[in-house]
Amino acid sequence: VQLQASGGGLVQAGGSLRLSCVASGRTFSNYFMAWFRQAPGKEREFVAAVNWSGGSAYYADSVQGRFTISRITAKNVLYLLMNKLKPEDTAVYYCAAGRPQSPRTPMYDYWGQGTLVTVSS
């Protein structure tokens, strides 16, 4: 099982990026999928999650209204569209898949390797 995240890079504050995560090795059709991030010197934190159908999404307060999570379940693909980026969004972003009791907790079974997002002021 592998989760491959991509799409990170350097962007100016106020700009946008779209992260992608491609899952392979099994079907994730009945799994939650999520994005977490970890800034230098800080703990990994929840960003957004989506249920198996894509019909329910969950966001951290810090990204609500700026980020949009989506998935194409049939293709095992997860996206995170990030708008109005701020310097404090700078972090390594990780995609995850699993069946946590709460989608906001890091209790996911599978994790990607991370993609770096740097937002300059």
Side-chain angles (χ1 to χ4, degrees):
V1 175
Q2 186 176 18
L3 300 180
Q4 183 72 40
S6 63
L10 175 63
V11 63
Q12 287 188 332
S16 299
L17 279 176
R18 190 180 77 162
L19 305 183
S20 300
C21 176
V22 179
S24 60
R26 65 161 296 148
T27 179
F28 291 93
S29 59
N30 58 346
Y31 278 51
F32 274 91
M33 296 191 77
W35 292 96
F36 286 76
R37 67 187 182 186
Q38 188 167 16
K42 295 187 177 181
E43 294 186 353
R44 190 172 298 190
E45 66 174 0
F46 169 76
V47 175
V50 62
N51 72 338
W52 69 274
S53 68
S56 296
Y58 309 81
Y59 296 96
D61 290 344
S62 59
V63 307
Q64 179 78 49
R66 299 188 298 121
F67 290 10
T68 303
I69 189 171
S70 60
R71 66 188 292 178
I72 303 177
T73 302
K75 295 186 177 181
N76 272 356
V77 178
L78 177 71
Y79 298 105
L80 184 68
L81 176 61
M82 305 184 294
N83 293 323
K84 300 178 181 179
L85 282 161
K86 304 176 181 179
E88 50 263 45
D89 294 318
T90 295
V92 176
Y93 284 71
Y94 299 90
C95 57
R99 297 174 177 174
Q101 287 195 340
S102 169
R104 298 176 184 272
T105 65
M107 304 304 290
Y108 286 77
D109 301 301
Y110 306 102
W111 292 84
Q113 86 290 356
T115 184
L116 176 63
V117 173
T118 303
V119 184
S120 63
S121 58

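Since the structure is predicted, the reported quantities are computational estimates derived from the model, not experimental observations. Values below: all heavy atoms of this structure, side chains included; hydrogens, waters and symmetry mates excluded.
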- Note on the structure: On a heavy-atom basis, the closest approach of A23 and L3 is CB-CD2, 3.2 Å

- Task: Taking ring-ring contact (aromatic ring centres under 6.0 Å, His included) as the test, write out the residues that go with Y59, two or more places apart.
- Result: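 Y59: no ring-ring contact (aromatic ring centres under 6.0 Å, His included) contacts found.
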
- Item | Partners passing ring-ring contact (aromatic ring centres under 6.0 Å, His included) against Y110 (at least two apart in sequence or in another chain) | F28

- Query: Going by the side-chain hydrogen bond (donor to acceptor under 3.5 Å, both in side chains) test, which pairs reach into residues 9-20, not counting sequence neighbours?
  - Reply: S16-N83

- Message: For the backbone of W52 and the side chain of T73, can you confirm whether one donor and one acceptor N or O come within less than 3.5 Å of each other?
- Response: yes

So how far is it from [X] [atom1] to [Y] [atom2], rounded to the nearest 0.5 Å?
X    : Y   : atom1 : atom2 : answer
R104 : F36 : CZ    : CZ    : 10.0 Å
L17  : L81 : CG    : CG    : 9.0 Å
C95  : L78 : SG    : CG    : 6.5 Å

- Message: Under a 3.5 Å cutoff, is there a donor and acceptor pairing between the side chains of N76 and R26?
- Response: no

Tabulate below the donor-acceptor pairs under 3.5 Å that side-chain atoms of residues 112-121 make, not counting sequence neighbours, or state none.
| unit_1 | atom_1 | unit_2 | atom_2 | d |
| --- | --- | --- | --- | --- |
| Q113 | OE1 | A5 | N | 3.4 |
| Q113 | NE2 | A5 | O | 3.0 |
| T115 | OG1 | G8 | N | 3.1 |

List in chain and number order the residues that pass side chain to side chain contact (heavy atoms under 4.5 Å, CB included) with [X], two or more places apart in sequence or in another chain; answer none if no residue qualifies.
X    : answer
D109 : Y31
T27  : S29
T105 : P100, S102, M107
E88  : K86

- Task: Could you note down all residue pairs passing ring pair (Phe, Tyr, Trp, His ring centres under 6.0 Å) where residues 65-96 supplies at least one of them, sequence neighbours left out?
- Result: none

- Would you mind listing every disulfide (SG to SG under 2.5 Å) that reaches into residues 23-60, with sequence neighbours excluded? none

- Task: For residues 53-76, pull every pair meeting salt bridge (charged side-chain N to carboxylate O under 4.0 Å, His left out), keeping only residues two or more places apart or in separate chains.
- Result: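 Of all non-adjacent pairs touching residues 53-76, those that pass salt bridge (charged side-chain N to carboxylate O under 4.0 Å, His left out) are R66-D89.
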
- hydrophobic_cluster_shared for V92 and W111, side chain cutoff 4.5 Å: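 Yes.
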
- Message: Is there a path of hydrophobic side-chain contacts, each under 4.5 Å between heavy atoms, that joins V63 and I69?
- Response: yes

For residues 42-49, which side-chain N or O atoms pair as donor and acceptor with protein atoms under 3.5 Å away, sequence neighbours left out?
| unit_1 | atom_1 | unit_2 | atom_2 | d |
| --- | --- | --- | --- | --- |
| E45 | OE2 | R37 | NE | 2.6 |
| E45 | OE2 | R37 | NH2 | 3.1 |

